Student: 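The structure under discussion is supplied below as structure tokens; questions concerning it will follow.
What you are looking at is a predicted structure, and each value in this text was computed from that prediction instead of being measured. Position 1 is the first residue of the sequence; numbering continues from there. Counting starts at 1 for both ligands and their atoms, following the listed order.
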Amino acid sequence: MADASLSRPEGAAEDWTIPQEWDRYTPAEHAMWDRLFARQAAMLPNRAVPEFMAGLDMLRMTTPGVPHFDLLSERLMKATGWQVVAVPGLVPDRVFFEHLANRRFVAGRFIRTPEQIDYLEEPDIFHDVFGHVPLLAHPAFADYMQAYGEGGLRADGLGAIDRLARLYWYTVEFGLIRSGEGLRLYGAGIVSSHGESLFALDDPSPNRLGFDLKRVMRTKYRIDDYQQTYFVIDSFDDLLRHTIENDFAPLYAELADVPDIEIETILPTDTIYTRGTQAYARQKEKEDAH
Ligand code: HBI
Ligand code: FE
């Protein structure tokens, strides 16, 4: 959750956007993008949902170097009417929602350093652009993201941003999807992470459960390590239907007195794809205790 007290840096516009200044990327920064890209592109076919791979192709992200936001926007605009705009880092929730509601995806313009290759706290351009942008070329997902922005603006008025943020977390960031040949990845937090792209699909540790809107809104999440539970959607059309056919206001009211669900809990009502061993999480806890 972005802190409401974030203050707008000098040089950022009213809506927090800044110029990408593509000409200022150094050869080392372009090389960093290429290195991250090559690593993920080699492993994601047959792991990521085919629509994600199609988006990479369609947006020509397969050409070397840090992508130019204007060129991405030009291609996206034709496909689904989305644009990519640069921001200095995390922006306040309302600003974030306002952009999404208007089909603008905000992306960091900086890229991680070699020391940060596998972990960094703020989303960089590789996470934001490689992770999030390809699916914006898919019509149902593109509509879902706009609906999320509109829902966010309403949730803000209802004091329910936390509920909605869980939906974002377990779909846009860490979602899995069913396919004819088994589960596939689509969450940006997964596909932009080398380790989690393997873990989320293959490791016996995490739970993999069927997506259920109310259930997800009640479920806590962790931001410091691989997820302990992933939720699986049936299709992007299905996800979009859940969001636009539901008026969330009565849902928030109904959930107000219902307790949260712990990260690794499996309920009798859950559809279980994997009952996780949680061995990875247990091991980490042990290491941390020493
Ligand atoms: N700002 N740049 C940026 N990127 C995000 O993903 C983001 C944000 N601000 C708020 C936010 N996400 C989330 O807290 C909302 O989805 C709730
Ligand atoms: Fe993200």
Side-chain angles (χ1 to χ4, degrees), residues 1-9 11-20 36 40 48 52 55 69 72 82-112 116 119-136 141-142 144-176 185-194 196-197 200 216-217 219-227 230 239 243 248 252:
M1 194 88 356
D3 187 340
S5 69
L6 282 173
S7 71
R8 179 156 56 96
E14 199 84 9
D15 67 357
W16 285 67
T17 58
I18 53 175
Q20 184 189 9
L36 289 163
Q40 288 314 86
F52 177 87
F69 290 178
L72 289 176
W82 273 78
Q83 288 173 274
V84 181
V85 294
V87 289
L90 283 177
V91 302
D93 292 336
R94 275 202 81 84
V95 174
F96 184 67
F97 297 142
E98 191 74 51
H99 280 294
L100 295 181
N102 289 287
R103 290 174 105 85
R104 285 188 302 267
F105 190 77
V106 298
R109 68 176 176 186
F110 73 97
I111 191 156
R112 68 195 71 179
Q116 298 168 309
Y119 185 76
L120 77 169
E121 279 182 12
E122 284 234 332
D124 74 338
I125 189 173
F126 189 75
H127 168 82
D128 280 338
V129 172
F130 180 91
H132 284 280
V133 172
L135 280 179
L136 292 174
F141 193 84
Y144 173 67
M145 288 292 279
Q146 179 185 354
Y148 178 81
E150 292 164 346
L153 293 170
R154 289 192 296 268
D156 192 20
L158 298 165
I161 288 187
D162 291 5
R163 298 260 179 238
L164 202 68
R166 289 171 174 173
L167 174 63
Y168 192 85
W169 192 262
Y170 281 120
T171 59
V172 177
E173 294 292 354
F174 292 99
L176 301 183
L185 314 171
Y186 76 90
I190 306 177
V191 296
S192 63
S193 156
H194 186 74
E196 199 149 2
S197 291
V216 165
M217 285 188 174
T219 310
K220 297 181 182 176
Y221 59 84
R222 61 184 307 161
I223 59 170
D224 59 333
D225 205 336
Y226 298 157
Q227 300 305 300
Y230 298 93
L239 178 62
T243 5
F248 285 3
Y252 298 145

Student: Checking only N/O/S atoms, does Glu173 have one that is under 2.8 Å from the Fe ion (ligand 2)?
Tutor: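 Under 2.8 Å: Glu173 contacts the Fe ion (ligand 2) through an N, O or S atom.
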Student: Look at the rings of Phe52 and Phe130 and say which category their plane angle falls in: under 30° parallel, 30 to 60° tilted, over 60° perpendicular.
Tutor: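 It falls in the perpendicular class, over 60°.
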Student: Just let me know how Tyr148 lines up against ligand 1, side chain, backbone, both or neither, with a heavy-atom cut-off below 4.0 Å.
Tutor: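 For Tyr148, only side-chain atoms sit under 4.0 Å from ligand 1.
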Student: Using ring centroids (six-membered ring only for Trp), state whether Phe126 and Phe110 fall under 6.0 Å.
Tutor: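 Here the rings of Phe126 and Phe110 have centres that are no less than 6.0 Å from each other.
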Student: Can you check whether Phe97 has an N/O within less than 3.5 Å of an N/O in ligand 1?
Tutor: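 Such a contact does not occur with ligand 1.
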Student: Under 3.5 Å, which donor-acceptor pairs do the side chains of residues 101-109 form with other protein atoms, sequence neighbours left out?
Tutor:
residue : atom : partner : partner atom : Å
Asn102  : ND2  : Glu98   : O            : 2.8
Arg103  : NE   : Thr80   : O            : 3.0
Arg103  : NH1  : Asp143  : OD1          : 3.2
Arg103  : NH1  : Gln146  : OE1          : 2.5
Arg103  : NH2  : Thr80   : O            : 2.9
Arg103  : NH2  : Asp143  : OD1          : 3.1
Arg104  : NE   : His99   : ND1          : 2.9
Arg104  : NH2  : His99   : ND1          : 3.4
Arg109  : NH1  : Pro19   : O            : 2.6
Arg109  : NH1  : Glu21   : OE1          : 3.1

Student: Would you check if the distance from the ring center of Phe174 to the ring center of Tyr170 is below 6.0 Å?
Tutor: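 Ring centroids of Phe174 and Tyr170 are no less than 6.0 Å from each other.
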Student: Can you pull the salt bridge (charged side-chain N to carboxylate O under 4.0 Å, His left out) pairs that have at least one residue in residues 148-161, sequence neighbours excluded?
Tutor: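 Only Arg94-Asp156 qualify under salt bridge (charged side-chain N to carboxylate O under 4.0 Å, His left out).
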Student: Check this for me - ligand 1, Ala165, N or O atoms closer than 3.5 angstrom, yes or no?
Tutor: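 The answer is no, given that Ala165 and ligand 1 share no N or O pair closer than 3.5 Å.
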Student: Gly89 near ligand 1, heavy-atom distance under 4.0 Å?
Tutor: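 For ligand 1, residue contact (heavy atoms, under 4.0 Å) with Gly89 is present.
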Student: With a cut-off of 4.0 Å, which atoms of ligand 1 are near a heavy atom of Asp93?
Tutor: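 With Asp93 as reference, the close atoms of ligand 1 come out as 10 (C), 11 (C), 13 (C), 14 (O), 15 (C), 17 (C).
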